[in-house]
Engineer: 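Below is the structure I would like to discuss, written out as structure tokens.
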2 protein chains.
Amino acid sequence: MARAGLPLARIAARPEPAGRSERVREIVAAGLALLAAEGADALTMRRLGDEIGIRAASLYKHLPGKPALEAALVETGLFEMGDALHAVVDAAGPADVVAALLAEYRRFALMSANLYRLATSGRIDRSLLTPGLDGWSGEPFYRATGDPWVAQALFAAAHGAVILEMDSAYSDMSDLDATWRALARAFTT
Amino acid sequence: MARAGLPLARIAARPEPAGRSERVREIVAAGLALLAAEGADALTMRRLGDEIGIRAASLYKHLPGKPALEAALVETGLFEMGDALHAVVDAAGPADVVAALLAEYRRFALMSANLYRLATSGRIDRSLLTPGLDGWSGEPFYRATGDPWVAQALFAAAHGAVILEMDSAYSDMSDLDATWRALARAFTT
DNA sequence: TTGACGTAGCTAACAGCGTTAGCCATAGTG
DNA sequence: CACTATGGCTAACGCTGTTAGCTACGTCAA
């Protein structure tokens, strides 16, 4: 249940991202660009090597494998999304924080749809992510609702709405704006 | 907003599944079993061929390719889920229809987690599915809420909660029951 | 009965995937 | 100067979905 005085203060500290070499940062940047521009199927080790001018096998001098690369991409996305969502909650007032949070979540996810899909595909090894990152990036939902279970429910609803919108992007002409409004209404008491 | 007199009657007719030969039904059944038992990575054409005693290449005498196989598996799941959800809405009263629908959706999705993941992976070609199936299998959410946008929002929320539960199955000890209760509460006015 | 034809299996092969082994040039350090 | 670590390379392995071409069998017509 939402209490007065929201949005709540930050509690979880922003985790410290693990240090990466210059080359690794270049690889991750190229991977993000490739994923965003051409989708998950185009994100192959050979293709990624081409992008930075080395052979696929040489990537293994910098990264242990493709799962680690994918985790690094997701990690970048989680940091950016966490920053964006925390900032929105900082700026919003108690009355509109849920709607503002949902709007930003929607905007951010759809803007980087391929990365979002990868992050939620269920095959990312969470243990490869910086500890505490999941909790910190999800905290805005707790700050906006004041209740951990309502926060989880709201997060789940937002995720589901994003997926719904992505899947119906080419088939359905239904009014997704109205769906998002219905969602915000359901979670604004 | 929920109106009095719910749950609503059925409107969309259950679509007629396209006819399949005996062999195709056998292949689809083996695919479902393989997917359920060993996950998406195990669902390869060679492995599937082994399962029914033919070579992978021979599968192409019955199916045009792996996307068509995956669509057939998803189609089976959508029919079963649609039947289950419609039945629950039939049996429920206006006061508890949302909670009952959510409970059945949760149960069904988690029971066939691998198939559910495949169905919502975003790479199923919707045009390979029986026309009207998507609409019919989602109709219980409209019948339970009485409003198309609330229905979509509730459907999205249910999907998100399922994914949340699957992803946190091995990492998180949080109380998902409470999350589902919060969800049902948010959509029961 | 025989010939034609479609069905449904087979083997072999191809390109692309992630990944490993082993080789070699270069840079930095004692 | 010699040693070593770094980061490239080629070649290859086993796996993937998929195609081409061959063949045995069942059915149906002349």
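Side chains included, hydrogens not; waters and symmetry mates left out as well; all remaining heavy atoms used. Since we're looking at a predicted model, the values are computed, not measured.
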Engineer: What about B:Tyr116 and B:His159, are their ring centers closer than 6.0 Å?
Structural biologist: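 Aromatic pair counts; centres sit under 6.0 Å.
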
Engineer: Which residue, B:Lys66 or A:Ala56, contacts DNA chain D at a nucleotide closer to its 5' end, judged by nearest heavy atom?
Structural biologist: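 Whichever sits nearer the 5' end wins; that is A:Ala56.
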
Engineer: Does a sphere of radius 6.0 Å around CH2 in A:Trp149 hold more than 12 heavy atoms from other residues, nucleotides or ligands, not counting ones at 6.0 Å or beyond?
Structural biologist: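 Count not over threshold, so no.
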
Engineer: For the pair A:Ile124 and A:Glu70, evaluate side chain to side chain contact (heavy atoms under 4.5 Å, CB included) and give the outcome as yes or no after the intermediate values.
Structural biologist: CA-CA 7 Å; A:Ile124 298 296; A:Glu70 292 177 331; 3.9 Å; yes

Engineer: Listing time: all N or O pairs from protein to nucleotides 6-8 of chain D that are below 3.5 Å?
Structural biologist:
| unit_1 | atom_1 | unit_2 | atom_2 | d |
| --- | --- | --- | --- | --- |
| D:dG8 | OP1 | A:Arg23 | NE | 3.0 |
| D:dG8 | OP1 | A:Arg23 | NH2 | 3.1 |
| D:dG8 | OP2 | A:His62 | NE2 | 2.6 |
| D:dG8 | O6 | A:Lys61 | NZ | 3.0 |

Engineer: How about CZ on B:Arg107, more than 12 heavy atoms from neighbouring residues, nucleotides or ligands closer than 6.0 Å, or not?
Structural biologist: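 Yes, enclosed.
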
Engineer: Measure across A:Thr120 and B:Arg117 and return the closest heavy-atom pair with its distance rounded to 0.1 Å.
Structural biologist: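 Nearest heavy atoms, A:Thr120 then B:Arg117: O-NH2, 3.6 Å.
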
Engineer: Could you pick out which residue, B:Tyr60 or A:Ala57, lies toward the 5' side of DNA chain D when each is mapped onto its nearest nucleotide?
Structural biologist: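 Checking each residue's closest nucleotide, the 5'-ward one belongs to A:Ala57.
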
Engineer: Would you indicate what B:Pro64 reaches in the nucleic acid, counting non-hydrogen atoms under 4.0 angstrom: base, sugar-phosphate, or nothing?
Structural biologist: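 Touches nothing.
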
Engineer: With a 4.0 Å cut-off on N to O distance, would you call A:Asp167 and B:Arg126 a salt bridge?
Structural biologist: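 Salt bridge flag = no for B:Arg126 with A:Asp167.
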
Engineer: Counting only heavy atoms and a strict 4.0 angstrom limit, can you tell me which residues of residues 28-51 of chain A come near DNA chain D?
Structural biologist: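 Residues of residues 28-51 of chain A that come under 4.0 Å of DNA chain D are, in numerical order, A:Arg46.
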
Engineer: Give the ring-plane orientation class for B:Phe155 versus B:Phe141, where under 30° counts as parallel, over 60° as perpendicular and anything between as tilted.
Structural biologist: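 The arrangement is perpendicular - the two ring planes meet at more than 60°.
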
Engineer: What are the bounds, 5' to 3', of the part of DNA chain C that sits under 4.0 Å from heavy atoms of chain A?
Structural biologist: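 Going 5' to 3' along DNA chain C, contacts run C:dC17 to C:dT20.
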
Engineer: Indicate yes or no for a side-chain donor-acceptor contact from B:Glu139 to the backbone of B:Arg10 under 3.5 Å, with no hydrogens or angles considered.
Structural biologist: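 No, the answer is negative, given that no donor and acceptor are paired below the 3.5 Å cut-off.
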
Engineer: So does A:Arg106 pair up with A:Asp177, basic N to acidic O under 4.0 Å?
Structural biologist: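 Between A:Asp177 and A:Arg106 there is a salt bridge, with a charged N closer than 4.0 Å to a carboxylate O.
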
Engineer: Would you give the length of the straight line joining atom CD1 of B:Ile27 to atom CZ of B:Arg20, rounded to the nearest 0.5 angstrom?
Structural biologist: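 Output value for this atom pair is 10.5 Å.
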
